[in-house]
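Below is one structure, written out as structure tokens, with a few remarks after it.
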Amino acid sequence: CFTSIATLSATTSIPRGGTIITESDSHILGRSDHGPDIQVAFDGGKQRDEAGAGAVLWTRAPGEGWMLAAKARVALPGITRIQIAEAWGLKLAARLLSDSGLTNRNVKGYGDSLPVVRYAAGQGLLRNPDVHGLLEPVLGPLPAERWVIAWHPLTPCLFYSSDAAHRAPP
């Protein structure tokens, strides 16, 4: 794991809470041309009394770059715990893989909830048995379906793709 620090030099005033948009730049976003040609990312979130989750599946074709292959999102009325929303995001990611029809089964997976990512990677347990019941039916079959997933935790500030997928308009 490594850390990058960027220093912003602005030529105009940026209002508090303002947004900065950049072009795709490997110096800012990092390179994504190494590793498997399939990436899946998930996220779950809660604001006030609303919760939701989303997942995105990206594939890379030689000479074409990364393409969005599939996305899924779900509204979670009544969900009050963030970990359950995150688990729903992982469930959606697993379903995207199972339903994708892809023959290459080597994947890089990303999520910003360290406990949920560790659980997906088989490296940790979750305290809430309801989360186990939610995830096992979709995670359990993945090895039998010959999926090999290298799970990576991301910090929330670097994680934008599945967050955008579950908040974007239909």
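Computed from a predicted structure; not experimentally measured. When a residue number appears, it is its place in the shown sequence, counting from 1.
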From [X] atom [atom1] to [Y] atom [atom2], the distance as rounded to the nearest 0.5 Å:
X      : Y      : atom1 : atom2 : value
Leu90  : Ser113 : CG    : OG    : 9.5 Å
His152 : Asp112 : NE2   : CG    : 15.0 Å
Thr80  : Asp49  : OG1   : CG    : 9.5 Å
Phe42  : Leu96  : CZ    : CG    : 12.0 Å
Leu154 : Asp43  : CG    : CG    : 9.5 Å

Handout entry: Contacts of Arg95 that satisfy salt bridge (Lys or Arg N to Asp or Glu O under 4.0 Å) - sequence neighbours left out
Key =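 Expected list: Asp99.
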
Answer whether the closest heavy-atom distance between the side chains of [X] and [Y] falls below 4.5 Å.
X      : Y      : answer
Asn128 : Ile84  : yes
Asn104 : Thr59  : no
Val40  : Val56  : no
Gln39  : Tyr110 : yes
Leu57  : Lys71  : no

Exercise: identify the closest heavy-atom pair between [X] and [Y]:
X      : Y      : answer
Val116 : Gln83  : CG2-CG, 3.9 Å
Ala85  : Gly52  : CB-O, 3.9 Å
Ser100 : Leu97  : OG-O, 2.8 Å
Ala53  : Gly89  : CB-N, 3.4 Å
Gly111 : Val117 : O-CG2, 3.5 Å

Problem - ring pair (Phe, Tyr, Trp, His ring centres under 6.0 Å) contacts in which one or both residues fall within residues 68-108, not counting sequence neighbours - result: none

Practice task
Can you tell me which residue pairs pass the salt bridge (Lys or Arg N to Asp or Glu O under 4.0 Å) test with a partner in residues 81-92, sequence neighbours excluded?
Solution key: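 Passing the test, one end in residues 81-92: no pairs.
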
Exercise for the section: Using the rule that two of Ile, Leu, Val, Met, Phe, Trp, Tyr join whenever any of their side-chain heavy atoms come within less than 4.5 Å, decide whether Ile79 and Ile82 are in one cluster. Expected result: no

N/O donor to acceptor pairs below 3.5 angstrom from side-chain atoms of residues 129-149, sequence neighbours left out:
| residue | atom | partner | partner atom | Å |
| --- | --- | --- | --- | --- |
| His132 | ND1 | Tyr119 | OH | 3.1 |
| His132 | NE2 | Leu126 | O | 2.7 |
| Glu136 | OE2 | Tyr119 | OH | 2.5 |
| Glu145 | OE1 | Ser98 | OG | 2.9 |
| Glu145 | OE1 | Trp147 | NE1 | 3.3 |

Fill in the blank from the handout: For Ala121, the side-chain contact (heavy atoms from CB on, under 4.5 Å) test, sequence neighbours excluded, returns Gln123, Trp151

